[in-house]
Amino acid sequence: MSSQPQRSSSGSRSPGHDRYPLLFEPLDLGFTKLKNRGIMGSMHTGLEEDPDGFERMAAYYSERAAGGVGMIITGGISPNEEGGVAIRNEEGQEVYAASKLSTPMEVEGHRKITEAVHGADPDVKICMQILHMGALAHNDALVAPSAVKSRINQYVPNELDEDLLQKQIDDHARCAGLAREAGYDGVEIIGSAGYLLSTFLVEKTNMRTDQWGGSYENRMRFPVEVTRRCRAAVGDDFILIFRIAAMDMLQGGMSWEEIALLSKELEKAGASIISTHFTWHEGSVPTIATMVPRAAFTSVTHRVRDEVSIPVITSNRINTPEVAEKVLLRGDADLVSMARPMLADSDFMKKAEEDRADEINTCIACNQACLDHAFAGKTTSCLVNPRACHETLFRYEPASAPKKIGVIGAGPAGLAYATVAAERGHRVSLYDAADEIGGQFNLAKRVPGKEEFSETLRYFGRMIEVLDIELHLGTEVDAEMLEGLDFDHIVVATGVRPRVPEIEGIDHEKVIGYIDAIKEQKPVGKRVAIMGAGGIGFDVAEKISHAGPSGALDVEVFAREWGVDFEGHPRGGVTGVEPEVASADREIFLMQRKESSVGKGLGKTTGWTHRLMLFRRGVQMMNGIQYQKIDDAGLHVLRDGSPELFDVDTVIVCAGQEPLRDLYDAAKDKGISIELVGGAFEAAELDAKAAINQASHRAAEI
Ligand code: NAP
Ligand code: SF4
């Protein structure tokens, strides 16, 4: 390396920024400088495989560069075909389908990204992530140190022979060299998450007996050699980040001593920065969901930082500049990686720098439009920012003819419509019968583990002020009132009402609705049946089975609930640690009519966490239920065709919703022209993601 990188000393205050001095302190790497400590972490968006992907990624990343981020790490690019994803064509042949960089011909596309980012701000660095999926790849030629199938992949990997193994090292080095040619400022090699490099490190996935397996020194050889060869390929003045699993969350995973040794060896091999990652994809501890406390894992990064002299990146659930600053102040890391927060708000860093942090559209860690899409092979976006990854297709242009717009309903759809329309220059008035904005989001934020939803309401509340939207709370708008209002355009976003199933005894005193249960407006007994196991049925089950403080707000509670020992750091952080889950003193039955497994429709990346937590609390989940009647004895059902009585004290109805269109229908009768958005338009399949997306698109067009 040409010269030693500078690291911030914990607690030292830079004179640069009053509120976030450490976040806005530059970092000198010796051969280059990062302008601040806030970096956009790598996230696969699906644009990598889109036909217009390079143009779209150029717009996506350059918007973040203009938004003040110090460094960007791209989504993963494979160094070869065996490390990526193939699909079968109509003839049944495999066709390579993932983005890779293994030939000079592939350099041109990447140049579009690097030129756009450097054009937006020449001081912003962009590094390409080299992602060899190893045993998680989807193709017949996938490779791994040993032929050990991952529990989350259908393919069994081919064990690497020496020639093929050397080829993987060569391919990484060539890929890094090509990235440099494409104008990147560096590369990040991913050596975590269950991808190729990490599987060399762990005994259960590396059963080799040659120089690449057996002792830890041998198991470490491959990632270290890849790093050394990549450094040789790119020269000294190029950023080389290695992403390690600082706590892999695997039973029998890496020990702390192994992680410390690996970090030191990577530094010697030429890494300029170590990035810390947590869990493998097959681990059973949530690390990115909304139930994970903010900055939950940075203490582990701190320990890694103590082992090396190069800068260290931390990540996971750091979603506000305040939290990022605290992490830096504790000396936990030199750089803070925020991937999803930059999706949610491309101007995150700019707003922080300009002391407008209260205007940041905060990532609420829901995963609904980002990781759930990525894992389903769909283009990523963001629930709170539907423009994310659609920058070339979807713009908020200034309105050519500003209008006076009335929006009735201040739930997610009404708020999105009002703020996008106002941002475009329309004059907007917003009405709601309730005395707070937010609609259904006010329920979500009361569910333990979903406290982050209140950030979206804080954001919208602030934007109402900034955009000078006239807000009328506690105002029930009826058709007569509408007639008297002087608007060019009226939007009805009155949302939904809970569906009341037609079951004998549905008006029995034992029966309550989910709103009363979540808002704790009616008592809930000791034995409870929840009728309906969609997102809200699960939320209600979480709310009424929960005991004690929320794990999302307390790292120690979270660690106990999920069986993680942050301090002792046994193998994987979890080996031999039993989860200790507190639960309310209740017997709960969560029911649905469908035969499919309960919770199947929940988010791909978070559904398992909700199911597992409820299971650990003893909630009984039942499918194939036919409701018969509710009476003093309880809930009568048919289960597998046989009658059964659940002698419950309370039945909570979570049977979905119907559109609330009374105002729309009344206005139509009076010949008032109005537009419907959100749940009032279509309640089926509607969630906040769809509501905000639809309303934002409509408001972008008017
Ligand atoms: P939902 O997901 O559509 O679930 C409705 C539930 O009610 C289903 O379990 C359905 O299952 C049952 N049901 C439907 N009609 C019924 C009837 N006539 N009688 C008895 N049961 C009936 O709706 P939701 O739970 O109200 O959630 C609303 C929206 O918000 C959804 O889009 C949901 O995805 C979203 N949401 C998401 C989350 C999240 O964490 N991602 C959390 C909360 C809400 P059966 O028909 O099988 O009985
Ligand atoms: Fe964050 Fe949810 Fe947006 Fe993903 S979809 S970036 S988790 S707010």
Side-chain angles (χ1 to χ4, degrees), residues 40-41 43 45 288-292 317 319 338-346 348 360-374 380-389 412 439-441 443-444 447 449-450 452-453 455-456 459 495-503 506 513-515 518 529-543 590-607 609-610 621-627 635 637 651-658 678-679 682-693:
M40 178 178 179
M43 191 155 114
T45 61
I288 44 176
T290 190
M291 77 219 348
V292 178
R317 292 287 287 114
N319 61 347
M338 293 169 279
R340 295 173 300 168
M342 302 293 176
L343 226 71
D345 196 329
S346 54
F348 181 103
I360 291 175
N361 197 0
T362 305
C363 165
I364 55 174
C366 65
N367 289 353
Q368 282 173 248
C370 55
L371 294 164
D372 283 349
H373 279 209
T380 289
S381 190
C382 172
L383 181 143
V384 299
N385 172 21
R387 281 198 68 245
C389 301
Q440 298 270 315
F441 262 37
L443 294 181
V447 176
K450 289 196 162 178
E452 288 286 4
F453 279 72
E455 291 289 353
T456 304
Y459 164 76
V496 292
R497 67 161 68 89
R499 177 182 291 126
V500 181
E502 287 178 17
I503 298 167
I506 195 72
Y514 64 81
I515 297 175
I518 293 178
I530 299 173
M531 191 184 279
I536 290 182
F538 267 81
D539 278 356
V540 167
E542 170 65 38
K543 173 93 184 164
L590 177 58
M591 302 174 170
Q592 68 178 30
R593 299 171 303 175
K594 287 189 282 292
E595 293 289 347
S596 55
S597 56
V598 175
K600 194 163 180 262
L602 297 178
K604 228 175 154 59
T605 59
T606 52
T609 61
H610 298 302
M621 301 179 211
M622 298 170 178
N623 52 5
I625 298 288
Q626 287 173 264
Y627 309 111
L635 172 64
V637 306
V651 175
I652 306 177
V653 180
C654 306
Q657 289 93 16
E658 285 160 355
E682 175 61 79
E685 303 289 316
L686 189 115
D687 55 16
K689 177 180 75 173
I692 292 175
N693 186 38

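First listed ligand is number 1; within each ligand, the first listed atom is number 1.
The Q657 neighbourhood of ligand 1 comprises atoms 26 (O), 28 (C), with distances under 4.0 Å to a heavy atom of that residue. The distance from ligand 2 to the heavy atoms of C370 drops below 4.0 Å at these ligand atoms: 4 (Fe), 5 (S), 6 (S), 7 (S). Annotation for ligand 1: atoms under 4.0 Å from non-hydrogen atoms of A533 are 9 (O). Under a 4.0 Å criterion applied to the non-hydrogen atoms of A365, ligand 2 contributes the atoms 1 (Fe), 7 (S). Heavy-atom contacts of R499 reach the following atoms of ligand 1: 14 (C), 15 (N), 18 (N) (cutoff under 4.0 Å). Atoms of ligand 1 lying under 4.0 Å from at least one heavy atom of G656, given by number and element, are 5 (C), 7 (O), 23 (O), 26 (O). Of all atoms in ligand 2, numbered sequentially from 1 with element shown, those under 4.0 Å from a heavy atom of N367 are 2 (Fe), 7 (S). For ligand 2, the atoms lying closer than 4.0 Å to a non-hydrogen atom of L383 are 3 (Fe), 5 (S). Residue contact check: A369 has heavy atoms under 4.0 Å from atoms 5 (S) of ligand 2. Annotation for ligand 2: atoms under 4.0 Å from non-hydrogen atoms of I364 are 1 (Fe), 8 (S).
For atom 1 (Fe) of ligand 2, the N/O/S atoms of C382 include none lying under 2.8 Å.
With a 4.0 Å heavy-atom cut-off, ligand 1 is reached by the backbone of C654 but not by any atom from C-beta on. By the criterion of a heavy-atom distance under 4.0 Å, neither the backbone nor the side chain of Q440 is placed next to ligand 1. If you look at D539 next to ligand 1, the close heavy atoms, those under 4.0 Å, all belong to the side chain. Contact annotation: for F538 versus ligand 1, there are no heavy atoms closer than 4.0 Å.
For the pair V384 and A344, the tightest heavy-atom approach, listed with the atom from each and the gap, is CG2-CB, 3.8 Å. Between F441 and P412, the shortest heavy-atom distance links the atoms CD1-CG, 3.6 Å. Closest approach of L602 and G535 over heavy atoms only: CD2-CA, 3.9 Å. N385 and N361 make their closest contact through CB-ND2, 4.3 Å (heavy atoms, listed as atom of the first residue, atom of the second, distance). Minimum heavy-atom separation, M591 to Y627: O-OH, 3.4 Å. The two atoms that bring A691 and G678 nearest to each other are CB-CA, 4.3 Å, heavy atoms only.
The residue from Q368, K450, H610 that puts a heavy atom closest to atom 40 (O) of ligand 1 is K450. When the options Q592, E502, K689, R593 are ranked by their closest heavy atom to atom 18 (N) of ligand 1, first place goes to R593.
Considering backbone and side-chain N/O of G532, none are found under 3.5 Å from N/O of ligand 1. For the pair Y627 and ligand 1, the shortest N or O to N or O distance does not fall below 3.5 Å. For ligand 1, none of its N or O atoms has an N or O atom of M531 under 3.5 Å away. The shortest N/O to N/O separation between P501 and ligand 1 does not fall below 3.5 Å.
In this structure, T290 contributes its side chain and C366 its backbone to no donor-acceptor pair below 3.5 Å. Using a distance-only test at 3.5 Å, with no hydrogens or angles considered, a donor-acceptor pair links the side chain of S381 to the main chain of A388. Panel note: side chain N623, backbone V598; no donor-acceptor pair is recorded below 3.5 Å.
Contact of the P386 side chain with the I692 side chain is registered, since non-hydrogen atoms from C-beta on lie closer than 4.5 Å.
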Given side chain to side chain donor-acceptor pair (under 3.5 Å), test N319 with E452 step by step and report yes or no. CA-CA 10 Å; N319 61 347; E452 288 286 4; 3.2 Å; yes
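The nearest heavy-atom contact from the protein to atom 1 (Fe) of ligand 2 is C363 SG, 2.4 Å. Of all protein heavy atoms, the one closest to atom 2 (Fe) of ligand 2 is C366 SG, 2.4 Å.
Here the rule is side-chain hydrogen bond (donor to acceptor under 3.5 Å, both in side chains) with N367, and of H373, K604, R340 only R340 fits it. A side chain to side chain contact (heavy atoms under 4.5 Å, CB included) with I530 is found for one member of V653, V540, V651 and no other, namely V540.
Summarising the geometry, atom CG belonging to D372 is positioned 5.0 Å from atom OG1 belonging to T606; distances are rounded to the nearest 0.5 Å.
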